[in-house]
Undergrad: 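After the structure tokens below, expect a handful of questions from me.
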Amino acid sequence: MSTAYTGRDRLLSFSVCKPSDGGEALATVKARTFLHIGGTRGKTKNAQWDTADVTSSDSPQFNKEYLVTFKENTLSVDGIYLLDASANMDALEDAIVFPDATKQDGQPFMWLKFEHPQLTTRYLFGMVTSFERGEPYDGGSTYSLEMNVMNELKDTTP
């Protein structure tokens, strides 16, 4: 029996915030009001470390040596643009394309709640750097977004 799961098991919701809200404690983030993002399909989370070359003439066996400098986390989401109110697509698009001056300081910052029924729920804070909405003549309307993740919290409670 396989322990694999399909991507549709992973749910995604968002809560708009200010850039200064990235340091919030887990309890504060969990207490936020999150709006479910309906119609998600592909969800790709990527973490990549930058490195600095510290190779010297004394490096063992002439191998290159590296130190870790910074980590870059990104999240890419794509899906079908649903028009029903429970999908919250208008609210999501507005938060990205027209960020609120008061709630977001005019910048597309948000917390994303990335949850799965059997795996750890993660809260991702960051700035959405791109949003695309496609409306083909002969197919379903689609959307995609990319987020630079600046903070990630894990909820390890059951």
Side-chain angles (χ1 to χ4, degrees), residues 1-50 68 70-158:
M1 180 85 174
S2 174
T3 57
Y5 66 92
T6 63
R8 71 178 178 197
D9 294 339
R10 191 66 94 159
L11 300 177
L12 195 62
S13 25
F14 74 100
S15 178
V16 298
C17 63
K18 295 179 181 179
S20 58
D21 294 338
E24 292 177 330
L26 178 60
T28 304
V29 175
K30 286 173 65 171
R32 289 178 155 276
T33 299
F34 284 87
L35 300 175
H36 174 69
I37 302 172
T40 59
R41 293 182 100 175
K43 296 168 279 292
T44 303
K45 187 172 174 295
N46 183 23
Q48 180 175 322
W49 286 95
D50 289 337
V68 171
F70 298 99
K71 179 174 56 173
E72 180 179 8
N73 280 323
T74 58
L75 178 70
S76 301
V77 179
D78 66 81
I80 302 299
Y81 199 98
L82 301 177
L83 296 179
D84 57 70
S86 65
N88 296 300
M89 293 310 301
D90 281 345
L92 176 65
E93 184 174 4
D94 286 349
I96 297 168
V97 179
F98 306 107
D100 186 87
T102 305
K103 295 177 183 175
Q104 295 176 278
D105 283 348
Q107 300 179 57
F109 280 87
M110 58 184 63
W111 277 101
L112 293 178
K113 184 179 182 182
F114 201 42
E115 59 188 320
H116 185 278
Q118 288 88 30
L119 301 174
T120 303
T121 295
R122 296 174 185 268
Y123 294 88
L124 311 174
F125 168 81
M127 175 176 44
V128 178
T129 56
S130 70
F131 180 83
E132 181 179 291
R133 184 172 153 180
E135 298 175 346
Y137 173 75
D138 58 350
S141 296
T142 61
Y143 74 96
S144 64
L145 66 92
E146 296 257 341
M147 176 188 223
N148 285 343
V149 178
M150 301 157 127
N151 191 9
E152 181 174 350
L153 303 175
K154 289 176 21 175
D155 184 2
T156 56
T157 59

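Everything quoted here is computed from the prediction, not taken from an experiment. Residue numbers count from 1 along this sequence.
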Undergrad: Does this structure show an ion pair linking Glu152 with Lys154, if we count only N-O contacts that are shorter than 4.0 Å?
TA: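 No salt bridge links Glu152 with Lys154.
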Undergrad: For Thr40 and Arg10, work out which heavy atoms get closest and say how close.
TA: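 Smallest interatomic distance, heavy atoms only, reads OG1-O, 4.5 Å.
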Undergrad: Could you tell me whether the side chain of Gln104 and the main chain of Ala95 form a donor-acceptor pair under 3.5 Å?
TA: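 At least one qualifying donor-acceptor pair exists.
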Undergrad: At their closest point, which heavy atom of Tyr123 faces which heavy atom of Leu26, and how far apart are they?
TA: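 Heavy atoms of Tyr123 and Leu26 come nearest at CD1-CD1, 3.7 Å.
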Undergrad: Are Asp21 and Lys103 ion-paired here, with the side-chain N under 4.0 Å from a carboxylate O?
TA: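 Answer for the salt bridge query: no.
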Undergrad: Can you tell if the side chain of Asn46 reaches within under 4.5 Å of the side chain of Asn73, non-hydrogen atoms only?
TA: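 With C-beta onward as the side chain, the pair stays apart.
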Undergrad: Which heavy-atom pair separates Leu35 from Ala91 by the least distance, and what is that distance?
TA: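 For Leu35 versus Ala91, the nearest heavy atoms are CD1-CB, 4.1 Å.
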Undergrad: Which of these passes side-chain contact (heavy atoms from CB on, under 4.5 Å) with Leu12: Leu92, Ile37, Leu124?
TA: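 Of the listed residues Leu92, Ile37, Leu124, the side-chain contact (heavy atoms from CB on, under 4.5 Å) partner of Leu12 is Ile37.
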Undergrad: Mind running side-chain hydrogen bond (donor to acceptor under 3.5 Å, both in side chains) on Glu24 and Trp111 for me, showing each step along the way?
TA: CA-CA 10 Å; Glu24 292 177 330; Trp111 277 101; 3.1 Å; yes
Undergrad: Phe125 vs Cys17, test: side chain to side chain contact (heavy atoms under 4.5 Å, CB included). Steps then yes/no.
TA: CA-CA 9 Å; Phe125 168 81; Cys17 63; 3.5 Å; yes
Undergrad: Any side-chain heavy atom of Val16 sitting closer than 4.5 Å to one from Asp100?
TA: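 Side chain of Val16 against side chain of Asp100, heavy atoms only: no contact under 4.5 Å found.
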Undergrad: Tell me, with the steps shown, if Arg122 and Asp155 meet salt bridge (Lys or Arg N to Asp or Glu O under 4.0 Å).
TA: CA-CA 6 Å; Arg122 296 174 185 268; Asp155 184 2; over 6 Å; no
Undergrad: With ring centroids as reference points, do Phe14 and Phe34 lie under 6.0 angstrom apart?
TA: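 Centroid separation for Phe14 and Phe34: 6.0 Å or greater.
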Undergrad: Consider side-chain contact (heavy atoms from CB on, under 4.5 Å). Of Thr44, Asn148, Thr129, Val149, which one does Thr74 pass it with?
TA: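 It is Asn148; the other options fail the test.
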Undergrad: Return the minimal non-hydrogen interatomic distance between Glu115 and Thr121, and the atom names on each side.
TA: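 It is CB-OG1, 3.5 Å.
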Undergrad: Can you name the closest pair of heavy atoms from Glu135 and Ser141 and give their distance?
TA: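 In this case the closest contact between Glu135 and Ser141 is CG-OG, 3.6 Å.
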Undergrad: So which heavy atom on Gly38 is nearest to which on Met89, and how close?
TA: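 Distance-wise, the nearest heavy atoms are O-SD, 3.7 Å.
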Undergrad: Verify the distance criterion only: is there a donor paired with an acceptor across the side chains of Tyr81 and Glu93 at less than 3.5 Å?
TA: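 Indeed, the side chains of Tyr81 and Glu93 share at least one donor-acceptor pair under 3.5 Å.
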